[in-house]
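Report on the following structure.
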Amino acid sequence: MTGFTFFKKFGWLLVFLSLKGFTQITISGRISSTNGNDIQGASITATPLDDTGSIAFAFSKKDGVYTIRIITSADSLNITVSKLNFLTQNRTIANENRRLDFMLEAGAHELKEVKIKPPPLRRMGDTLRYSVSEFASEADRTLSDVLRKLPGIEVDPNGAVLYQGKTINSYYVEGLDLMGGRYGLINENLSLTGIASVEVFENHQPIRIFDSLKVSDRAALNIRLKKRIVTSYAVHYGVGARPFLWDLNITPMVFTPQMQMAASLQSNNTGRNIRSQLINHIDGESMGGEIPSTGGWLSIPPLPIPAFSSSRWLDNRSNLGSLNALKKYRNELQVKVNASLSIDQLRQQGNKMTTYYLPKDTVRFSEEITNKFRYNTVNGGVTLLRNLPQKYFQNQLSFEKEWDAGSARNERKDIAFAQGLSTDQYTLKNNLHSVFKRGEVIYNLYSNSTVAQTSQNLQVGLRGADSSTTPYQAFRRKKLNTHNYAEFNHKIGKLNFATKVGNCLDFNRIYTHLEDYPGLSAAVNDFSWKSSRTYISGTTSFNPRSPGWFFLLELPLSHNYFSYHQQGETRTLHKVVFEPRLFARKRIAPSAQLIGSIRYQNQLPRPEDVYTHYIMTSYLNLVKKNTNFRNSHLLTGTVGMNYNNPVAIVLGNLNYSYTRRVNNLLGSIYLGSDGMQEIQTLDRSNVQQNHIVSGRLSKYFLGPKLTPAISLVYMKNRMERMLNGEVGHFEYSTFTPSLNIRYSGLNKVDLSYNSSVISMWNTSNTSQQYSQTFSLGVHPTKKIYVNMCLEHYRNNLNMSRKDYFFSDALVRWSPGKLRHSLEVGFSNLFNTKTFQTISASDYYYNESSYNLRPAQIVVRGRIHI
Amino acid sequence: MNFLFLLLSWLYGWSQSGKQDVYIITYSFELQQFESDPGSIRRGEAVLFSYGDSSIFMDRAQYVLDSIGSSPAFRSLERSERSRVILSKARPVFGYSIYKNYDNESIIYQESVNGTSFSYSESLPNISWEIFKDTATISKYRCQRAIGKFAGRTYEAWYSNEIPIRDGPYKLGGLPGLIFRLQDNEGKIKYELTGIELSRTAHKPELKRSLGISKKEFQKRKDHYYMNRAEYRSNTGTRRILAQGKEESLDEFYEGIKQEYLDWVLIEKE
């Protein structure tokens, strides 16, 4: 530094110091204890009187002597001497050189303890760990209460868990998968007291030998417990009024490193949807070509349900029993047994106004509707699993039997329909999967076999002003499906090659019989459907050393054969299709990654695509598909970004996807003035386009415990349809922004606010549905918890507007240490009787009014241990 | 030999202090691992056990593993069960422990290289901290900003007079209060205080029995180990190795270790 630049930089400071009267003073002295010992290592700090922070410091030496040099313009100074285990001393002195001795008195130093707490969100490699104690409030009892509060995690109304907007692919408790996809039972009943943290494994590959070999874009959830052995009991018993209400739940669970068990008995008629606890939210590995087992084709159309708590609308009598056990042996073999039974009765009442917008006409009708459904399901399975880093073996044998009955009355001014539907079906399935390594090659062998049978009967009683008929439809189906493949994975340098050879066979025998349909002679379909898909697929994945990149290229080539055979008629199709897919991922920062994929697919015929005689699929639909085989071409492109920063606790994502589908068949709908639909398919090429933009962002503020989250989804569909003989282009869009704020910063108060708008517009209509919910939970004393919730819904349909207000209240008294509590719950305090829901598609519009449960009160005892 | 004696006498002094209260101070840290990759951040928690005039600083995960290892309940477990417990715990990010003694102004640095525990002793760094008037409240404490240089890096520290412990993460300290936040000006080293607890019952870390050598000698041995890993390998007949999901020949693997070592971000540049 030259003299000139030195002067330029600091000269002004010297001038400034001399102008302001800055002087350097030296204070020295000795620090000793009251019993005369010299104190070493005491800190001496000098602070101006205006308390703008200390300006100089020093430490006392071995003999207790210190010297502190201070430059300041202040007239007086505070000198503070402190040392651990001595009381701090303060003295105010004039700004001048002097000697200053201190004698310190022994005493405990007051420490504002900052409790060691794990950070609320922590990242370890691909694992994100949420500390449950940070997000849970005192009122929370079960895992699901806190799960929906975690930033980045959502729980949908059916109980499916989503991370960054995508459903999870595995659910573990301490690394073990007890429930398969039916994790709702654990979520809804596992007591919070035993849970330490919730972990998210990003890009989770459930098969360990495929770790880092086969990527997944899905995450898994793992519940970490506080102790090695945790037992949890959820016991509820409740009674209520208007009408007589009951609510019972006994759900014990045990988790140890070697054994896990969850059992449950539940019964209620209070509107609590317990059947959703047994929904399987995880579909198996998506295997190119495995044809999902579709049940029956006949149905009673349900009333569209309101999008709020089921306790206000679900008129039910539900019973559930479930027993699940997992035992892990020393050789890592896991044996799992699951069995569940659900007996459920539902009732829906309301009315529905349907409007169809035809190219030249509008059809509108309105009905009073009463639906009664009985769903009875029993399912179970035995699973053997060995999931090691060098070897994977799984065999799962499962069965499901369902017997349902439904009845409905739909009344219009001049006509009434009575419907009765019975369904009886079973599925038996065995799934064998083995992966092992020999030399340099990883072998992946898979075999799945399914046998299913469905039987349905639909009877519709149609009573008009001057006529009455009772058409009857029978449907029988037997199905055998097998899917087998062998895959060979080989690694050369940074490239991984997988070659897969497989075959999927599907045999169906379908019989349908329609009689007494007005204006039709009896219609019988009796056909066999066979399909065989033989494929060979090459997959290359590339994991370059340059950090963060990953590529995957799939090149499957398949030969497909379809045969439809009905007496006197056989149709066959041979088709070779090539369906490439490219996926790329790049980590652009420790917290952010970009993903992109492009895929070309064919949608090939299915059994439900061809039948030459009419089937009455519901009381208003008469369908016949006497056309060519379906062959649609789909092109899908996706780009997106995921962001999660565990330090700032910000999680978000933004995705865009585009699908273009070219169909060789066009659905043609003939609508009668009474809403009866006759559906056929025509050989006519048409294009369908779909755009989806979705994004969400949430941030957790550590101090105030505040979580604001925003999300938006925009969707636009454009397609061609033939309505009453005229071809038209139809468009349908929805836009759904929403805002959610949670606050639990005050010790005894929990606040949450939710607001969303669903805007829909199709070719001829627009509507908005606004919703706002506000919930306040307060602990006025340690033992009492009060929760109030207020909800407002507004439906704007063209020019009309309807407002709905709801309020629920809960008072809970928790007397003892047993986590036993007694609560009184009031629901629908304003006794709102009906609620209007709107649903729409490109060419129709439904407004339905759903009869709600009346205002009611339930007294419940709850034990969560 | 002299060193070992010194170490043992220090250890004796240490076990005396083990009876008193200890302040358990936890820091979360973010340390950049490689100079060439700003994204190579390693996160974790460190713990500082302070007795006022002396302290031990180590990776919290290491402390957890050490305290499990010394518990009789753990020792009575079967081998497979023990490894299950160990594997379920977080892995430490760094392996060294730093023992500061403010009374005799010395530091003992302990780290294992290839299974042998080494330690060296040096004087406490004399950091000339410049303090500023900026203040902020961190974890309920009023903190003040200071800037100082240590071993070739410039650090910004936020310390609080309210806790008269002149200590902080790694070898840093010497401010008239505990360091709550520490960050170097290149953004490669970050510490933030996450907890303070006063305890009499917590398991107290002990100085590991180690071979005392000079700092220069220690650095020489560490360099030699990472730069010539192949020499330290016991011959198991392995030809190829799977590292981070990629299969490599042993030569490639050892060259990779060397290149990574040369690219390490060093806390002490000088």
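Every heavy atom of this structure was used, including side-chain atoms; hydrogens, water molecules and symmetry mates were not. Letters A, B, ... are given to chains in the order of the sequence lines, protein chains preceding strands, and every chain is numbered from 1.
Interface residue B:D103: backbone and side-chain heavy atoms are both found under 4.5 Å from chain A. Looking at A:A56, only its backbone comes within 4.5 Å of chain B, counting heavy atoms on both sides. Within the 4.5 angstrom heavy-atom criterion, only side-chain atoms of B:Y159, from C-beta onward, approach chain A. If you measure heavy-atom distances from A:I588 to chain B, you find no contacts under 4.5 Å at all. In this structure, the portion of B:E30 lying under 4.5 Å from any heavy atom of chain A is its side chain and not its backbone.
The shortest non-hydrogen separation linking B:I131 to A:S54 is CD1-O, 3.5 Å. The minimum heavy-atom distance linking B:R166 with A:F59 is given by the pair CD-CE2, 3.5 Å.
With values rounded to the nearest 0.5 angstrom, A:T45 atom OG1 is found 5.0 Å from B:N161 atom CG. With rounding to the nearest 0.5 Å, the separation of CD in B:E105 from NZ in A:K62 is 8.5 Å. Residue A:S43 holds its OG atom at 11.0 Å from CD1 of B:I165, rounded to the nearest 0.5 Å.
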From CA spacing to verdict: side chain to side chain contact (heavy atoms under 4.5 Å, CB included), A:K83, B:D53: CA-CA 10 Å; A:K83 165 89 186 166; B:D53 290 321; 2.7 Å; yes

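Crowding of A:R69 atom CZ: a count of heavy atoms from other residues, nucleotides or ligands under 6.0 Å not exceeding 12. Within 6.0 Å of atom CG in A:N90, more than 12 heavy atoms from other residues, nucleotides or ligands are found, so the atom counts as buried in its surroundings. For CD of A:E105, the number of neighbouring non-hydrogen atoms (other residues, nucleotides, ligands) closer than 6.0 Å is 12 at most.
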